[in-house]
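Before any comments, here is the structure.
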Amino acid sequence: MKKVEAIVKPFKLEEVKEALAGLGIQGMTVTEVKGFGRQKGHKELYRGAEYVVEFLPKMKIEVVVPEDLLENTVKAIVDAASTGRMGDGKIFVSPVDDAVRIRTGESGDVAIG
Amino acid sequence: MKKVEAIVKPFKLEEVKEALAGLGIQGMTVTEVKGFGRQKGHKELYRGAEYVVEFLPKMKIEVVVPEDLLENTVKAIVDAASTGRMGDGKIFVSPVDDAVRIRTGESGDVAIG
Amino acid sequence: MKKVEAIVKPFKLEEVKEALAGLGIQGMTVTEVKGFGRQKGHKELYRGAEYVVEFLPKMKIEVVVPEDLLENTVKAIVDAASTGRMGDGKIFVSPVDDAVRIRTGESGDVAIG
Amino acid sequence: MNIRQGAKPSYPGQVRRACTVLPGKRAAIAAVIFLAVMALPGMAFAQDSEIDSGDTAWMLTSMVLVLFMTIPGLALFYGGLVRSKNVLSVLMQCFGITCLVTILWTLYAYSLAFDDSTLVTNEAGETVFAFPSSFVGGLSKVFVNPNNIGGLSGTIPESVFFCFQLTFAIITPALVVGAFAERMKFSAVLIFTGIWVTVVYAPICHMVWGGGLLSLWGAMDFAGGTVVHINAGIAALVACLMVGKRSGFPKTPMPPHNVAMCVTGAAMLWVGWFGFNAGSQLAADITAGMAMLVTQVATAMAAFTWMMCEWIKHGKPSAVGIATGAVAGLVAITPASGYVGPIGALVIGLVAGVVCFVAATTVKNALGYDDSLDAFGVHAVGGIVGALLTGIFAANTLGAFSGTVADIDIVKQFGIQCAAVAFTILWCGVWSFLILKGIDLTIGLRVDEEEEIEGLDISLHSESSYNL
Amino acid sequence: MNIRQGAKPSYPGQVRRACTVLPGKRAAIAAVIFLAVMALPGMAFAQDSEIDSGDTAWMLTSMVLVLFMTIPGLALFYGGLVRSKNVLSVLMQCFGITCLVTILWTLYAYSLAFDDSTLVTNEAGETVFAFPSSFVGGLSKVFVNPNNIGGLSGTIPESVFFCFQLTFAIITPALVVGAFAERMKFSAVLIFTGIWVTVVYAPICHMVWGGGLLSLWGAMDFAGGTVVHINAGIAALVACLMVGKRSGFPKTPMPPHNVAMCVTGAAMLWVGWFGFNAGSQLAADITAGMAMLVTQVATAMAAFTWMMCEWIKHGKPSAVGIATGAVAGLVAITPASGYVGPIGALVIGLVAGVVCFVAATTVKNALGYDDSLDAFGVHAVGGIVGALLTGIFAANTLGAFSGTVADIDIVKQFGIQCAAVAFTILWCGVWSFLILKGIDLTIGLRVDEEEEIEGLDISLHSESSYNL
Amino acid sequence: MNIRQGAKPSYPGQVRRACTVLPGKRAAIAAVIFLAVMALPGMAFAQDSEIDSGDTAWMLTSMVLVLFMTIPGLALFYGGLVRSKNVLSVLMQCFGITCLVTILWTLYAYSLAFDDSTLVTNEAGETVFAFPSSFVGGLSKVFVNPNNIGGLSGTIPESVFFCFQLTFAIITPALVVGAFAERMKFSAVLIFTGIWVTVVYAPICHMVWGGGLLSLWGAMDFAGGTVVHINAGIAALVACLMVGKRSGFPKTPMPPHNVAMCVTGAAMLWVGWFGFNAGSQLAADITAGMAMLVTQVATAMAAFTWMMCEWIKHGKPSAVGIATGAVAGLVAITPASGYVGPIGALVIGLVAGVVCFVAATTVKNALGYDDSLDAFGVHAVGGIVGALLTGIFAANTLGAFSGTVADIDIVKQFGIQCAAVAFTILWCGVWSFLILKGIDLTIGLRVDEEEEIEGLDISLHSESSYNL
Ligand SMILES: Nc1ncnc2c1ncn2[C@@H]1O[C@H](COP(=O)(O)OP(=O)(O)O)[C@@H](O)[C@H]1O
Ligand SMILES: Nc1ncnc2c1ncn2[C@@H]1O[C@H](COP(=O)(O)OP(=O)(O)O)[C@@H](O)[C@H]1O
Ligand SMILES: Nc1ncnc2c1ncn2[C@@H]1O[C@H](COP(=O)(O)OP(=O)(O)O)[C@@H](O)[C@H]1O
């Protein structure tokens with residue numbers, strides 16, 4: 001089981017969600033985060049004081065998938081979230097030992113089905 | 001050391017916290033997240049335009065525990081967070097290499113005590 | 001590749017960011033979280049009803065680094081974020097299998113450069 | 001024995017002014033007009049010229065200010081105090097009540113309160129006790145239209161008097177919302193409001209200001225201590241007992257979701273209340289001016305007192321506290337506003353601040369009822385404090401503490417005030433209980449628990465307030 | 001044939017009052033003054049004493065109330081309805097329009113609307129059709145200063161009349177903002193406003209209230225059904241068609257970012273609107289009182305109706321719904337407010353509630369134009385409903401449904417109202433199209449897509465509203 | 001030499017009206033009353049009929065409007081500008097100041113400002129310089145009660161005059177809050193306010209409007225350029241220097257936590273300010289009307305100008321900018337409002353917009369003091385601009401730029417205005433320094449750093465505003 005964590009531009013959330021649904025993935029968890037990277041932030045202005053917002057709004061999509069779906073998942077996210085511009089984001093893949101569905105207590109791959 | 005990530009219904013937060021405290025766990029980190037899964041979202045309505053909110057508010061509780069506490073931790077969360085209804089959430093267990101307490105610089109199991 | 005997750009006091013964010021930048025780290029992701037730990041929460045008061053806020057605002061900084069940077073990264077965060085007082089926070093290190101830059105599709109260490 | 005009052009309706013302004021020490025320009029104007037009419041019999045504009053554009057200007061403004069108290073004032077004050085999942089339900093209740101009461105007032109409720117054509121007078125021309133006219137008004141003002149409401153009421157158009165009184169009838173049930181917020185069905189709120197305005201508000205209003213029972217007793221209530229605040233506060237207590245506690249109360253903390261919103265609403269209440277109190281004189285004269293002054297003084301004193309109570313008891317003064325204290329002061333000065341002087345108002349503010357603080361914190365916590373936003377602790381308690389102290393500080397014989405009313409027997413008046421308060425508590429308490437019981441047995445008062453936990457905004461209105 | 005009106009300007013109050021059934025105290029005062037002047041020829045204060053401090057007090061207040069409608073009222077109502085990334089752009093548009101229109105009104109636009117020195121009268125002294133004076137005012141009131149605006153207008157200072165009318169000129173283009181919110185360039189908004197006020201608003205205002213064409217026809221518009229609401233609503237429709245849909249519309253849901261803010265704004269609109277309607281009488285008299293009353297009744301009824309429509313159709317009533325319904329009622333009663341009675345107002349509110357509900361939901365969704373905040377569906381549609389029903393319910397021969405206007409031929413008046421509506425739609429539609437086309441071809445109407453997605457707050461104003 | 005003024009108090013309205021070109025209806029009324037009294041000696045209502053219900057209606061309204069400026073207006077304007085952890089502390093300060101000043105005003109401060117019974121007059125009946133009566137009022141109006149405040153002040157009840165002036169005394173120290181926001185102790189704020197109102201505000205108020213020193217010089221200050229704005233602005237500068245910079249300033253950006261709230265507050269300030277300026281005439285007459293008009297014009301112009309300055313300098317206009325510009329315009333027109341004409345107001349708005357923009361951005365950044373919310377940059381600078389330009393544009397000899405004051409020697413008046421400004425700066429600066437120093441040496445001015453970083457809401461008031 002792997003956890004795929006994708007940090008994407010907020011307005012791409014909908015498309016990524018649909019791409020994942022297209023793979024039959026039925027669950028995911030989304031968090032509003034702030035990203036810092038190569039993409040330049042915008043400046044804001046208050047009464048003559050300018051300052052740069054370096055932390056840009058991003059969406060983190062976490063989805064735990066069975067190993068066999070991993071490759072497709074990553075690919076689907078890349079396809080859906082890419083605009084070719086700085087700041088499109090990253091995908092991180094990491095190991096997950098186990099998953100449990102709280103409602104039923106089931107664990108393993110069946111819990112994330 | 002393992003990280004236990006539980007995604008639960010928001011109103012279960014208090015109970016889960018108390019269940020964990022019951023095991024002697026003294027620290028945890030909580031994030032507001034949005035979940036997408038089998039649980040149906042509600043519809044909202046603005047001037048005759050209906051739309052479905054698919055992303056439901058959930059709480060993500062992250063707690064890093066020594067391996068020996070793992071089983072009990074997962075069980076305690078399942079017991080506290082379960083209502084038997086769709087959308088109760090998931091628990092993911094994943095490996096953690098190390099932990100450091102910033103205040104003291106201590107690392108290892110003692111850092112999360 | 002390792003993921004370093006640091007949970008720090010909010011007003012330390014800026015310093016940690018600069019410390020990481022000092023190491024040449026160019027990207028990170030930040031989330032507002034609530035922490036529960038040894039640090040006592042403050043009490044709030046509404047019309048004679050007192051209650052304790054146990055969940056304190058913290059910032060979670062996630063940064064994925066190549067293995068060789070790991071040690072320095074952890075050290076830099078500890079140095080920047082420590083005030084010596086309860087509630088300074090934790091750092092967790094965990095394995096990451098792979099990273100992908102969405103814009104280009106590159107993967108591996110180069111994706112987080 | 002049954003002589004109809006005919007052309008001399010006993011509007012509240014006049015009833016109340018009967019015992020003010022400063023009959024002011026009204027008498028003067030009357031004299032002028034009398035002379036004019038004597039001198040120029042048959043002049044076509046004699047009646048029209050009774051209208052006073054200055055008084056009318058102030059009353060038009062006062063109506064606007066009192067409406068401003070409910071929407072947005074009270075809506076924000078209450079809306080800020082609830083949890084974010086229920087804020088829209090509170091705003092909807094305030095809006096819905098505003099609409100419903102306006103419609104009923106137009107159709108028949110104004111008539112029940114202020115149609116004095118059925119009042120019975122004795123040979124001396126004084127109104128006397130009779131049934132049912134001492135409890136409720138007649139029906140000659142139903143379906144208001146230019147023919148039954150197109151003339152004057154004193155020196156202002158009756159349409160303006162209608163509107164001004166309507167805003168009182170709106171805010172009274174809206175105040176009750178504070179007691180059952182976060183759990184009552186919206187449909188039940190509307191039905192309760194409709195019946196309550198008909199059988200509680202309009203009759204009490206008639207009894208105090210329309211020439212009915214309490215005015216016969218000689219009760220003094222300048223701007224609505226009994227009619228508005230005790231009435232609303234008692235209904236609130238009954239409602240919160242019958243609807244039951246919020247799920248989780250008192251274990252789960254339920255802090256205000258937006259204190260800034262709540263304080264904004266309190267500020268608007270304060271600002272609008274000048275229409276309420278100084279407007280109740282129905283004229284822009286010396287009494288109205290003094291009503292404005294004492295309102296400001298009592299409010300400031302009560303807010304400051306509440307703040308100091310917190311500071312002493314908890315070590316810190318709070319924003320919710322100072323705002324609530326201000327409302328308590330506004331409530332307490334309401335019945336007294338046209339009668340007492342500034343130093344008397346300081347005392348009323350001080351007493352109201354302390355007593356309401358104790359009621360809304362210690363007493364509520366001790367008794368354990370869930371009056372979500374302290375509608376009882378502030379409005380009933382503050383209203384009672386004010387109504388009783390009116391009987392004392394109205395007297396113009398207290399030196400610097402003097403009010404403006406001459407020839408007042410303090411002990412006797414205090415007794416009358418007690419009786420009026422007791423009567424209002426009884427009438428309102430019994431009726432409110434019956435109405436709520438009836439609703440509970442039919443459509444039910446309360447949403448089910450799952451809806452309550454999800455929040456009324458989503459479960460009853462399919463909306464959430466914030467999409468930030 | 002060209003006799004200048006000289007000292008008798010035909011201000012709107014007077015034009016409109018010409019057909020009210022209650023000439024009220026104005027006639028009485030005139031008579032008094034006439035007598036006084038006869039009796040004491042040459043008394044220095046004769047002219048000065050025409051000012052009525054009560055009327056002036058009410059009009060000072062009314063100006064404040066109408067300004068309050070735009071900022072903060074409309075700004076919050078609209079600001080709450082957009083997404084959080086665009087809220088400041090909406091507030092800026094409301095503020096910017098307020099400033100710009102004030103400046104233009106001072107420099108020349110007031111003159112274009114209300115300088116009646118060029119009106120042409122016949123031998124009987126009645127104003128007759130002429131070009132261009134039936135379409136636009138003269139230029140003797142440009143660069144207003146104490147010399148051309150320091151006197152009286154009826155019983156109030158002309159400076160107050162100027163300010164009161166200015167607030168109408170401000171809110172009208174501000175209403176249009178609702179149609180193109182979230183995508184139009186700020187510079188384009190300002191340029192559009194400047195030209196539109198000059199060639200659409202001022203002339204229509206002159207035609208209806210300044211003695212121009214529509215007043216010659218006998219159109220009845222008490223407080224701005226045509227001048228303000230149909231005008232704004234039609235410009236809104238043209239604007240949203242020409243600016244195009246928001247990116248993502250209608251697939252992406254764009255829920256209000258802050259419904260509590262929106263409801264607060266609606267409450268402020270409601271409160272301020274009494275200045276709009278009852279203020280349009282330009283006096284604190286019986287007609288003003290009745291205007292206040294019918295405004296309250298129609299608004300409550302329309303809000304309640306909209307709420308019930310939702311409840312029936314969707315199973316749940318919503319806060320945005322009741323607030324929008326209230327605005328629809330306020331719009332519809334505007335042209336009728338000084339003429340109809342309370343029960344007529346109930347009917348107007350009912351019809352406006354249903355019709356606007358259908359327009360803003362079903363019709364808009366069916367036709368697919370993106371009137372972001374329903375400026376057309378509420379203001380044009382509500383304004384038309386009100387303008388037409390004014391022709392009916394103004395008549396004082398309808399029993400309980402009576403209005404206050406005598407000698408009205410309902411069929412004929414209904415025809416006149418239709419003609420006035422049609423004329424306004426045409427004039428405003430054509431000009432609005434031309435102005436927007438011109439801007440589109442030069443600087444462009446719309447921000448580019450990336451800016452739109454980022455939100456206008458950051459992209460146009462380098463600010464974000466919330467840093468919580 | 002010491003002739004008491006007796007029955008002819010020199011209230012500000014009258015002092016100021018002494019040099020207006022349009023004595024208006026007051027003179028007329030006086031004449032009428034004179035005639036009436038001559039004709040009917042001994043008529044009982046002669047004195048009562050001096051009250052003017054229209055003037056009273058407007059002044060009741062004006063008091064409400066000015067209170068509305070502080071709570072909620074200023075509270076929201078300032079509250080929106082601070083960081084979310086300090087918003088309640090700002091709201092508390094505004095509320096606390098409102099309460100405290102009300103209490104002190106009632107007990108003694110009104111007397112210090114407006115008791116003119118100790119003024120000294122010469123044989124011609126003119127007030128002359130004397131100590132201490134040219135610096136501070138007497139004590140006959142302490143502990144206000146119906147006996148010392150139950151009569152009239154001009155054509156309005158003295159109680160209303162008391163309340164109106166009270167709202168000025170409230171807003172002045174509340175404006176200072178902007179300078180020390182986010183770091184000063186709440187207890188220190190209250191103590192500072194209490195002393196400052198006593199030794200700075202009340203005396204300056206007496207000197208300008210109560211017949212004291214500056215009025216003897218002939219300084220023109222219609223609605224409070226010196227008394228309110230320069231006074232507050234100078235205290236603000238002294239306070240922000242003595243309290244010190246916020247921790248992190250200027251390195252850490254401290255953007256407004258809620259710009260929409262701030263803009264809402266600015267809109268409320270704008271709306272309420274008509275009570276401030278047009279109310280300062282103390283009557284609903286032609287001068288009040290003109291004061292309203294010029295207030296609107298100058299404000300719009302200053303807001304527009306600030307916006308254009310930003311647009312030119314930074315490429316984008318901002319919402320905080322246009323709102324701040326509006327406030328700058330309101331401040332600048334305040335002393336001028338009853339004297340200048342609309343085109344003069346345009347110029348004042350333009351100058352104020354540019355000068356305050358430079359002061360609040362470039363100058364502040366250059367000098368590096370931390371005036372958190374620009375209380376100095378806007379109120380002192382804007383107030384000075386306005387006070388000086390009043391000396392010029394008041395003259396009725398400038399063609400379209402004319403004001404309404406005849407017989408004014410522009411050069412001389414400009415000199416007087418400079419002197420009055422300088423005197424106010426000195427008096428206020430010195431006293432403010434001494435008071436703050438005293439507090440600093442005793443209880444301390446500032447919270448400790450940990451409390452500051454945690455935010456004053458939690459550390460001083462145990463509350464957080466938002467629990468969304
Ligand atoms: N090393 C990293 N660890 C964690 N998150 C990162 C890292 N590098 C980048 N990110 C996240 O990815 C986002 C996009 O990165 P950025 O460098 O701006 O553009 P790109 O991915 O196109 O190179 C950042 O805003 C941040 O949230
Ligand atoms: N594969 C997944 N990866 C990450 N989070 C998931 C995944 N599946 C479900 N979730 C999270 O768990 C929550 C509950 O899942 P859901 O399918 O609605 O109900 P249940 O857990 O009862 O089957 C979701 O809202 C989502 O936050
Ligand atoms: N076992 C844990 N798992 C996850 N997060 C933890 C854990 N223990 C502590 N934390 C996080 O670290 C923060 C600081 O911990 P705390 O015990 O208050 O102080 P300290 O780190 O100084 O011992 C907490 O607020 C919480 O967010």
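Just so it is clear, the structure is predicted and the values come from calculations on it, not from any experiment.
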Legend entry - Residues of residues 77-86 of chain D with any heavy atom under 4.5 Å of a heavy atom in chain E: none

Inset, instruction - Using non-hydrogen atoms and a 4.5 Å limit, figure out which bit of D:I170 sits close to chain E: side chain, backbone, both or neither. - result: side chain

Inset, instruction - Look up atom CG in D:L67 and atom CD in E:Q296, then write down how far apart they are to the nearest 0.5 Å. - result: 5.5 Å

Legend entry - Close side-chain approach of D:P146 and E:M290, heavy atoms under 4.5 Å: yes

Legend entry - Choice from E:P342, E:S465, E:A302, E:S402 maximising heavy atom contacts with chain D below 4.5 Å: E:P342

Inset, instruction - Determine whether D:L152 and E:I286 make a side-chain contact, defined as any pair of heavy atoms from C-beta on separated by less than 4.5 Å. - result: yes

Legend entry - Segment of E:L60 engaging chain D (4.5 angstrom heavy-atom cut-off): neither

Inset, instruction - Counting only heavy atoms closer than 4.5 Å, note whether D:I156 contacts chain E via side chain, backbone, both or neither. - result: neither

Legend entry - Engaged part of E:I343 at the chain D interface, taking heavy atoms whose separation is under 4.5 Å: both

Inset, instruction - Could you have a look at D:S89, D:S459, D:G54 and say which one has the most heavy-atom pairs with chain E under 4.5 angstrom? - result: D:S459

Legend entry - Top contributor to chain D interface from E:A303, E:A57, E:P317 [non-hydrogen pairs under 4.5 Å]: E:P317

Inset, instruction - Give a yes or no on this: more than 12 heavy atoms of other residues, nucleotides or ligands lie within 6.0 Å of atom CG of E:D407. - result: no

Inset, instruction - Report yes or no: do E:D52 and D:S53 form a side-chain donor-acceptor pair below 3.5 Å? - result: yes

Legend entry - Contact leader toward chain D among E:V87, E:V294, E:I322, E:T56, where contacts are heavy-atom pairs under 4.5 Å: E:I322

Inset, instruction - Report yes or no: does D:N145 contribute a side-chain atom to a donor-acceptor pair with the main-chain N or O of E:G341 at less than 3.5 Å? - result: no

Inset, instruction - Check each atom of D:S464 against the heavy atoms of chain E and say whether the ones under 4.5 Å are side chain, backbone, both or neither. - result: backbone

Inset, instruction - Please tell me if the side chains of E:L293 and D:I149 come closer than 4.5 Å, counting only heavy atoms from C-beta onward. - result: yes

Legend entry - Side chain, backbone, both or neither of E:M307 within contact of chain D (heavy atoms, under 4.5 Å): side chain

Inset, instruction - Could you tell me the separation between the CE atom of E:M308 and the SG atom of D:C99, rounded to the nearest 0.5 Å? - result: 12.0 Å

Legend entry - Per-residue contact mode, E:F304 against chain D (heavy atom under 4.5 angstrom): both

Inset, instruction - Identify the residues of residues 257-271 of chain D whose heavy atoms come closer than 4.5 Å to a heavy atom of chain E, ordered by number, or report 'none'. - result: D:M261, D:M268

Legend entry - Under 4.5 Å from a heavy atom of chain D, the part of E:W311 involved: side chain

Inset, instruction - Please determine, among D:V160, D:L166, D:L91, the option with the most heavy-atom pairs under 4.5 Å with chain E. - result: D:L91

Inset, instruction - Go through E:F274 and D:T61 one step at a time and tell me if the side-chain contact (heavy atoms from CB on, under 4.5 Å) criterion holds. - result: CA-CA 9 Å; E:F274 292 105; D:T61 306; over 6 Å; no

Legend entry - N/O donor-acceptor pair under 3.5 Å between E:K316 side chain and D:E463 backbone: no

Inset, instruction - Heavy-atom pairs under 4.5 Å with chain D are the metric here; pick the option from E:G329, E:A319, E:G289, E:A345 that has the most. - result: E:A319

Inset, instruction - Can you sort out the partners of E:F393 under ring pair (Phe, Tyr, Trp, His ring centres under 6.0 Å), two or more places apart, ordered by chain and number? - result: none

Inset, instruction - List in chain and number order the residues that pass ring pair (Phe, Tyr, Trp, His ring centres under 6.0 Å) with E:F401, two or more places apart in sequence or in another chain; answer none if no residue qualifies. - result: none

